[in-house]
Peer 1: 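Could you have a look at this structure, given as structure tokens, before my questions?
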There are 2 protein chains.
Amino acid sequence: MQDLNLRYLYEAAKLGSMRAAADSLGVAVSSVSRQISQLESELGIGLIEHGRRNIKLTETGVLLIEHFSEQLRLNEAFDARLSDIKGLRTGRIHLAIGEGFIGQPLSNLLIRFNAKHPGLFIDVHMSASSNEVVRLVAEDDVHLGLVFQSSEDPRIRVLASVRQPLCAVMNAGHPLAAHKSLKLADLKSHRLCLPEPSLRTRQLLRTAESIEGVSLQPSVTSNSITLLKSLVQSGEFFTLLPVLAVSKEVENRQFAAVPIVSSALQDAAVQLICRLGRRLPPAPLRMLDALTAYLEASGATIDLSGIVKETPTKP
Amino acid sequence: MQDLNLRYLYEAAKLGSMRAAADSLGVAVSSVSRQISQLESELGIGLIEHGRRNIKLTETGVLLIEHFSEQLRLNEAFDARLSDIKGLRTGRIHLAIGEGFIGQPLSNLLIRFNAKHPGLFIDVHMSASSNEVVRLVAEDDVHLGLVFQSSEDPRIRVLASVRQPLCAVMNAGHPLAAHKSLKLADLKSHRLCLPEPSLRTRQLLRTAESIEGVSLQPSVTSNSITLLKSLVQSGEFFTLLPVLAVSKEVENRQFAAVPIVSSALQDAAVQLICRLGRRLPPAPLRMLDALTAYLEASGATIDLSGIVKETPTKP
DNA sequence: GGGCAGGTTGCGGCAAACGCAATGCAGTTC
DNA sequence: GAACTGCATTGCGTTTGCCGCAACCTGCCC
């Protein structure tokens with residue numbers, strides 16, 4: 001039982017004749033007649049009174065038309081919801097980020113985005129590690145991910161990349177705060193807390209350590225950046241973090257962020273990622289724009305090559 | 001947006017892969033893939049996450065599947081109602097009859113029929129004249145009609161015909177009641193009431209009058225047979241009616257029905273009619289059987305030629 | 001990095017739907 | 001009541017869309 005045949009019967013019943021229905025539908029009368037007959041065969045019961053000039057539905061015919069009308073209503077409701085999705089009036093956006101991205105800039109972005117698209121639901125999933133973010137992205141559990149220096153996972157496409165050097169971060173009153181720049185070796189003399197080895201920041205640091213031939217010994221590690229910042233705030237510890245993670249405190253003159261002279265740490269970057277080959281729905285696509293602008297505003301080079309947009313036709 | 005494509009997507013989503021869906025549906029994998037792709041093109045939005053091993057629906061895909069499930073429920077509800085109609089568990093039967101048919105035999109028939117098919121609704125429309133019955137039948141306002149000696153309307157098919165002579169009907173104590181048979185001329189000496197000229201009974205009588213060369217003058221006419229019977233019951237009047245209309249009173253020995261020697265009146269018949277070429281739905285078809293049996297029980301010749309039964313294939 | 005399992009794409013075949021035209025049929029007009 | 005008009009039905013050749021097969025591509029697992 002198809003929509004098609006039903007539409008013919010529906011139109012014929014509404015307009016009172018097969019001819020009118022055929023004209024209205026832009027098909028030949030014979031098609032209308034045949035489709036109705038076929039429908040009767042399939043259902044095994046008469047739907048219209050045959051052998052008359054005008055169409056008159058049987059009891060079953062009336063029932064079927066009512067059924068079809070309900071079906072139409074259902075379809076219209078769905079079309080409306082679909083149009084909402086396409087018009088960005090509704091939709092879900094799933095983001096995965098490292099803890100380091102949580103802060104005023106991201107909050108501002110979300111606030112502005114929500115003001116512009118009040119119907120869009122956004123879930124920001126904070127992951128304990130970049131690997132977790134990558135996994136979520138690769139398995140389509142989230143649309144987009146924000147990671148610090150992502151790995152070279154073949155399933156991942158980097159949509160935008162912003163240089164985000166790792167800096168030494170300390171309380172404004174800390175002895176190291178006076179320096180314009182620091183070498184890795186300069187850091188050994190103060191008490192250090194660091195992210196856990198599972199975090200990308202730490203892995204990056206390990207690379208730099210081996211290049212520079214310096215080995216740093218943290219007194220405390222944690223996967224909670226909030227905890228690290230708390231330790232830094234006390235003045236007892238300093239740590240290594242991307243500026244992004246402490247932008248608010250630096251702006252407040254509460255913290256100082258001192259660049260470290262090390263190519264490995266200077267070339268570090270924040271990356272906006274999605275699964276390779278994934279076509280994003282309208283809402284996440286719009287979020288992608290916003291995030292790209294957000295990263296651009298961070299003032300570094302953006303690599304936008306190879307963004308896959310959602311289109312009806314295949315790329 | 002067809003049912004077909006949706007079923008493919010539905011099955012693929014349910015089973016988790018296109019191959020499983022293809023096996024389950026008995027089609028090639030390529031068909032499933034193509035139908036889903038086409039659906040995405042039509043809707044202009046992605047429904048599944050492409051470039052993965054297993055099927056995963058997008059937000060829109062989930063929505064669409066939910067929509068399809070609702071559609072399925074709707075279709076099942078309709079199928080159930082359709083099956084009720086075909087299984088005679090529900091349905092409407094519209095009958096048109098002349099007043100003369102109202103009485104115990106018809107009531108018994110309806111009671112028995114209703115006991116056998118409690119779900120079937122029956123409307124018995126009493127018409128003031130046979131012409132009215134014929135019109136209702138011809139215009140598909142009723143399924144079947146019971147008339148006394150119907151006209152030769154070309155739109156009408158006679159499904160069954162039972163001889164039902166017109167008799168002189170009088171109170172058991174009436175002078176005419178003693179006769180075994182009467183001639184038209186014998187009737188002139190008593191007070192007569194008759195149906196109105198619009199009724200078929202009366203038209204039949206007119207034919208007989210002209211053949212026999214006798215003219216009867218009724219003192220009272222009415223289109224209400226109940227009124228005529230009431231007049232007869234008083235003993236003052238006698239009338240002319242088919243036996244059927246007074247079968248109960250005759251059985252009770254309250255009335256007498258005396259045959260009239262006149263070929264025109266003897267050949268009179270009760271006819272079960274429907275519109276020419278009409279295919280009756282299941283319920284009225286069953287009623288047709290019952291009515292035919294009812295007429296058969298009246299003990300006269302039945303003409304069953306040319307009954308059109310409801311079948312999927314054309315006759 | 002080779003094999004496996006699953007999805008996509010190109011191609012030829014076939015069935016369903018279509019349009020056209022002839023026919024049948026009901027109701028109307030003269 | 002006969003021709004006519006408007007509608008539905010049917011037969012036939014054409015077109016369209018779906019299908020299966022097979023080759024190919026792509027993740028994913030060993």
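Computed from heavy atoms alone, side chains included, the values below leave out hydrogens, waters and symmetry copies. Chain naming here is simple, since letters A, B, ... match the order of the sequence lines and numbering starts at 1 in each. Computed from a predicted structure; not experimentally measured.
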Peer 1: Using atom CD of A:E49 as one end and atom P of C:dG27 as the other, report the distance to the nearest whole Å.
Peer 2: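 Whole-Å distance recorded here is 13 Å.
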Peer 1: Where do A:L295 and A:A160 come nearest, in terms of heavy atoms and distance?
Peer 2: CD1-CB, 4.1 Å
Peer 1: May I have the distance from B:L39 (atom CG) to C:dT8 (atom P), rounded to whole angstrom?
Peer 2: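 From B:L39 CG to C:dT8 P: 13 Å.
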Peer 1: Please check if any side-chain donor atom of B:N54 sits under 3.5 Å from a side-chain acceptor atom of B:R52, or the reverse.
Peer 2: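 Side chains of B:N54 and B:R52: pair found under 3.5 Å.
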Peer 1: Check each of A:V124, A:L146, A:V133 against A:F101 using the side-chain contact (heavy atoms from CB on, under 4.5 Å) test, and report the only one that passes.
Peer 2: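 With A:F101 as partner, side-chain contact (heavy atoms from CB on, under 4.5 Å) holds for just one option, A:L146.
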Peer 1: Do B:Q203 and B:R206 have side-chain atoms, one donor and one acceptor, less than 3.5 Å apart?
Peer 2: no
Peer 1: Any chance you could list the contact pattern along nucleotides 21-30 of chain D? Use B for base contacts, S for sugar-phosphate-only contacts and - for none, protein heavy atoms under 4.0 Å, 5' to 3'.
Peer 2: B-----BS--
Peer 1: Per the end-axis method with five pairs at each terminus, what is the bend angle of the helix from C:dG1-D:dC30 to C:dC30-D:dG1, to 10°?
Peer 2: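 The end axes of the helix from C:dG1-D:dC30 to C:dC30-D:dG1 are about 20° apart, to the nearest 10°.
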Peer 1: Provide, to the nearest angstrom, the distance between the CG atom belonging to B:D153 and the P atom belonging to C:dA26.
Peer 2: 12 Å
Peer 1: Just to verify, which of B:L64, B:L63, B:V62 counts as forming a side-chain contact (heavy atoms from CB on, under 4.5 Å) with B:L57?
Peer 2: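 Of the listed residues B:L64, B:L63, B:V62, the side-chain contact (heavy atoms from CB on, under 4.5 Å) partner of B:L57 is B:V62.
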Peer 1: What orientation do B:H67 and A:F78 show, parallel under 30°, tilted 30 to 60°, or perpendicular over 60°?
Peer 2: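 Taking A:F78 first and then B:H67, their aromatic rings lie parallel (interplane angle under 30°).
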Peer 1: Relative to the 5' end of DNA chain C, which residue comes earlier, A:Q38 or B:M18, by the nucleotide with the nearest heavy atom?
Peer 2: B:M18
Peer 1: Rounded to the nearest 0.5 Å, what separation is found between the CG atom of A:L199 and the CG atom of A:L204?
Peer 2: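 It is 12.0 Å, given to the nearest 0.5 Å.
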Peer 1: For A:H143 and A:H94, indicate whether the former's side chain and the latter's backbone hold a donor-acceptor pair under 3.5 Å.
Peer 2: yes
Peer 1: Counting just side-chain N and O atoms, does A:H50 come under 4.0 Å of either OP1 or OP2 of D:dT9?
Peer 2: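 Yes, because at least one side-chain N or O of A:H50 sits under 4.0 Å from OP1 or OP2 of D:dT9.
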Peer 1: Is the shortest side-chain N/O distance from A:Q35 to OP1 or OP2 of C:dC18 below 4.0 Å?
Peer 2: yes
Peer 1: With a 4.0 Å cut-off on heavy atoms, is A:V27 in touch with a base, just the backbone sugar-phosphate, or nothing at all?
Peer 2: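 Result for A:V27 = sugar-phosphate.
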Peer 1: Does B:Y8 put a side-chain nitrogen or oxygen below 4.0 Å from OP1 or OP2 of D:dC19?
Peer 2: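 Answer is yes, contact under 4.0 Å.
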Peer 1: Quick one: which of D:dT9, C:dG7, C:dA17 gets closest to the side chain of B:I55?
Peer 2: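 So the nucleotide nearest the side chain must be C:dG7.
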Peer 1: Does a donor on one side chain sit under 3.5 Å from an acceptor on the other, for B:E40 and B:H50?
Peer 2: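 A pair is found: one side chain offers a donor N or O, the other an acceptor, under 3.5 Å apart.
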Peer 1: Over all strands shown, is A:G16 touching base, sugar-phosphate only, or nothing at heavy-atom distances under 4.0 angstrom?
Peer 2: nothing
